[in-house]
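A short write-up of the structure that comes next.
Naming convention: chains lettered A, B, ... in sequence-line order (proteins, then strands); numbering from 1 in each chain.
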Amino acid sequence: MPAEEAPLMSESPDDGREAYDFASIQDRWLPVWDEMAPFRSGRPDDERPRKYVLDMFPYPSGDLHMGHAEAYALGDVIARYWVQRGFNVMHPIGWDAFGLPAENAAIKNGEDPVRWTYENIEQQKSSMRRYACSFDWDRLLNTCDPEFYRWNQWLFLQMYERGLAYRKDSAVNWCPKDQTVLANEQVVAGLCERCDTPVTKKKLNQWYFRITDYADRLLEDMQQLEGAWPEKVLLMQRNWIGRSTGAEVQFAVEGRDEPVTVYTTRPDTLYGATFFVVAADSDLAAELATGTEAESEFAAYLERVKRLSDVDRMDSARAKSGVFLHRYAVNPVNGERIPIWASDYVLSDYGTGAIMAVPAHDQRDLDFARAFGLPVRVVVASEADPAVTGEATADDGPHVNSGPLDGLCKAEAIAAIIEVLEERGTGRPAVNYRLRDWLISRQRYWGTPIPIVHCASCGEVPVPLDQLPVTLPPVEGLDPKPQGTSPLGGATDWVATACPRCGGPALRDTDTMDTFVDSSWYYLRYTNPQDDTAPFDPDLVREWLPVDQYVGGVTHAILHLLYSRFFTKVLFDMGLVDFTEPFTRLLNQGMVVMDGSAMSKSRGNLVRLSDELAVHGVDAVRLTMVFAGPPEDDVDWAEVSPSGSKRFLARAWRLSGDVASEPGVDPAAGDLGLRKATHHALHDAATAVESFRFNVAVARAMELVNATRKAIDSGPGAADPAVREAAEAVAIMLSLVAPYTAEDMWSRLGHEPTVALAGWPAVDPALLVEETVTCVIQVAGKVRDRIDVPPGIGEEDLRALAMASPGLVKALEGRAVRTVIVRAPKLVNVVPA
RNA sequence: GCCCCUUUAGCUCAUUGGUAGAGCGCUCCCUUGGUAAGGGCGAGGUACCGGGUCCGAUUCCCGGAAGGGGCUCCA
């Protein structure tokens, strides 16, 4: 035998003894895939059934990090799985490219946000390719492209036309650091979501989307999502919308022509109202205080309230404060005169900004009453006296001190009192929501300009559709630093324009839109990102949407997901889409943490993705992310083993070099035990993937690798057809998680690329059935023997077999039998007398 | 304070009203011509605690503990 056929130090890829070298495998297959574009989803002749798998798109604020690596590895398992199952999968990607992170970084580096953003996008795009994401690269989109944000403006104008976009003066959330307003959803525990600065209030004229009009539908349509979205997200949305039912009740106010309406969820406690409170920062409070002896005290109090940050305001330990306005309200049911106070514990923007206070049965009212020595009157019978205990009672019970309501329970009393109020015209049933309208204007540069022109004679004028997009002026000459008013105001040439209505001189609106506007509909745009005639083609959207599977972080549980649901309903009402929920199924992946806490530079526990990829390879990092646990759980990089993943991949890969049969060999002749293992693994892995237990699917693949190794080394041997069947199944299973390794295995097994399109092997049900089942024989619930029986054994046969089994006879010790419970074929339980 | 989730091997997690499993890790053995490796054997569990239902509970119900998450002046 010539020496070169059995070399000691071979570099030949075919001698079955070379080491697993992830770097060269990556270099070999990436260009092949680039050429093949296996995940292109737009071919018109494609007959496969469609599926839309969507990953939340990234902010281009630097290169990809560990969090991206996890999210995209998980999304890729789903997308690649459905491709293997024969679907035409649309799996697009784009960039959420407007917004504060990009702009702040740009400000800091003194760079043009445009160039900075596009450079980062290029960087991320190339990293995603190397990470082998199964994206359809023909469908890229950037929200900062005028071709995209043009349609933000178009949609804004559609909403404007329908009264769903409007401007109002209001006390808004203000971040003093970013110098911009924030939506309620962007204020987290009183802090700016972006920079953690305590948020203050500022009275400003701002643009809103009327999401509150859709509050009920946002709530009701959640029925469609039950079981398909994480329960946690549905709960958070429900809480956020915060629907409450009750009644509006009118109180006459002495010395005022109009009555004042309050909202209450407990109209049944109306007889227990002992005082009346208006929100200190409401117009009503100012009006009522004017001209009274409380006027100056009130003014001083109001000043204090205005200075309060949200953090201080929400401190639940804070004592109640307020001012008696020396005015009185009249209880509509009993004519009682009750004092009116102003306090900051009543919110000016919820309900009517005024409440009736029932201290006996509302803790906040009781705290206030005790602070200011106001009376407490029990109207729902309870054992303890709230005035003494300091604990308001909220239980149901017979009403007392309540005139006609006496003796009624809560539900009866509510119904009765509402009837009375309606008869007298002093009240009616009412519903309120915690949800507020969505504030969308931002005083920042890097966003979509609001397509409105302000004209001295015509007022607010929408920019005509044929003049869209209103493009951002170049940043040169502008000061993008936050200064409280939009930087666009500095672009005087841009601001000065002609009124589209009268042609006279007019000024452009200088605010930009919240970037959540972009992400509220981008998933529709992927169906044709190049469309320059419409935001999307309704026909294409009908073919692809709604999204079958959405994958992203739970951080967007409220913001992005609620806004997207809102937009979808608006578009449905406009007749542009034929569904009311955009995302049929949702998977929230966890975070990647290090030693139990979030990674950050300042904490010193930052793991760089590029370092991990260099050391372990793309496949090992992806596998580690997927195998770490259920996808919803956090991955602690300190607790996982990428080198273990790499070792496993090497072991799997080596199988492909050991297989000694030819491609296409009939597996039916192969070793039955290994064939069963293969088909069990394929079946279980598929079930696991479909129920998001990707870690379990990986474990099944690992077991199959072990079984195959054993078959080669100490079983039927490398030439057995079952070994090839098993190795090919391993390659296909691994193609979801470790595409490079899988492709190389596939090639070494004698197949053409790409394994990604090989198709999930059909599982033979006959191979999933066991010939015998182990039956457990118990005495009084304790295992005493076990026997092998056919799976189809009848109850009587099994009983007879069991009663004769030595273990049972011994355990019974001749005792009489009271009952025998037979659960064929798995169990017999004998209960002695 | 209110609500939700979790608790099974050293770790990460499966499973099931009826024999408690996997992967990783670990011990030991083999290999030293797959070797900055490979193969094999094995150990390891009172299924958080306490009650209840049941012939039988890790699984279902109730209570408690621990951990995690959400909400938090929304009348």
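Between the side chains of A:Ser244 and A:Asn432, no donor N or O sits under 3.5 Å from an acceptor N or O. A donor-acceptor contact under 3.5 angstrom links the side chains of A:Arg693 and A:Ser691, judged on distance only. Looking at A:Asp744 and A:Thr741, their side chains never bring a donor and an acceptor atom within 3.5 Å of each other. For the residue pair A:His361/A:Thr269, the side-chain donor-acceptor check at 3.5 Å is not satisfied.
Taking every side-chain heavy atom of A:Asn829 into account, B:G56 is the closest of B:G34, B:G56, B:G23. Among B:G39, B:G25, B:A75, the nucleotide with an atom closest to any side-chain atom of A:Arg654 is B:G39. The A:Arg823 side chain lies nearest to B:C55 when the options are B:A75, B:G40, B:C55. Here the nucleotide nearest the side chain of A:Ser244, chosen from B:C24, B:G34, B:A75, is B:A75. Comparing B:G38, B:A75, B:C55 by their closest approach to the side chain of A:Arg651 singles out B:G38.
Between A:Arg709 and A:Asp658 there is a salt bridge, with a side-chain nitrogen of the basic residue lying less than 4.0 Å from a carboxylate oxygen of the acidic one. A salt bridge is absent between A:Arg266 and A:Asp362: the closest approach of a Lys/Arg side-chain nitrogen to an acidic carboxylate oxygen does not fall below 4.0 angstrom.
Ranked by how close their nearest RNA chain B nucleotide is to the 5' end, A:Thr265 and A:Ala699 are led by A:Ala699. In terms of position on RNA chain B, the residue among A:Ile821 and A:Gly351 whose nearest nucleotide sits closer to the 5' end is A:Ile821.
Spacing of C1' atoms, B:U7 relative to B:U12, comes out at 14 Å, to the nearest Å. Rounded to whole Å, the separation between the C1' atoms of B:A20 and B:U58 comes to 8 Å. Comparing the same atom, P, in B:U15 and in B:A22 gives a spacing of 15 Å after rounding to whole Å.
Across all strands, A:Asn432 comes closer than 4.0 Å to no nucleic acid atom at all (heavy-atom distances). Base contact: A:Val346 has a heavy atom under 4.0 Å from a base atom. When heavy atoms are screened at a 4.0 angstrom cut-off, A:Thr819 is found touching no nucleic acid atom at all. Across all strands, A:Glu703 comes closer than 4.0 Å only to sugar-phosphate atoms, never to a base (heavy-atom distances).
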N/O-N/O pairs, protein side and nucleotides 42-47 of chain B side, under 3.5 Å:
none

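With sequence neighbours left out, A:Arg428 forms a side-chain contact (heavy atoms from CB on, under 4.5 Å) with A:Glu248, A:Glu422. In this structure, the side-chain contact (heavy atoms from CB on, under 4.5 Å) partners of A:Asn331, at least two apart in sequence or on a different chain, are A:Phe251, A:Leu270, A:Ala273, A:Val333, A:Asn334, A:Glu336.
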Exercise. Can you list the steps and then say if A:Arg238 with A:Glu226 is a salt bridge (Lys or Arg N to Asp or Glu O under 4.0 Å)?
Worked result: CA-CA 12 Å; A:Arg238 243 176 235 121; A:Glu226 214 67 62; 3.2 Å; yes
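Among the duplex regions that RNA chain B forms, those built from at least three successive Watson-Crick or G-U pairs under 3.5 Å are B:1-7 with B:65-71, B:10-13 with B:21-24, B:28-30 with B:38-40, B:48-52 with B:60-64, ordered by first number.
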For this session: Between protein and nucleotides 8-14 of chain B, map the contacts as a letter string: B base, S sugar-phosphate only, - none, heavy atoms under 4.0 Å, written 5' to 3'.
Result: ----SSS
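Proximity of A:Lys710 to the phosphate of B:C41: a side-chain N or O atom is located under 4.0 Å from OP1 or OP2. Regarding contacts with the backbone of B:A75, a side-chain N or O of A:Tyr350 is found under 4.0 angstrom from either OP1 or OP2.
Within residues 228-239 of chain A, the residues having any heavy atom closer than 4.0 Å to RNA chain B are, in order of number, A:Lys232, A:Met236.
Between A:Cys775 and A:Leu798 the shortest side-chain heavy-atom distance falls below 4.5 Å.
The one candidate from A:Ile712, A:Leu749, A:Val723, A:Leu704 that meets the side chain to side chain contact (heavy atoms under 4.5 Å, CB included) condition with A:Leu655 is A:Ile712.
Judged by the 6.0 Å distance and 45° axis criteria, A:Lys320 is not positioned over the aromatic ring of A:Phe368.
Distance check: A:Leu562 CG to A:Trp438 CH2 gives 9.0 Å after rounding to the nearest 0.5 Å.
Not less than 6.0 angstrom separates the ring centroid of A:Trp341 from the ring centroid of A:Phe276.
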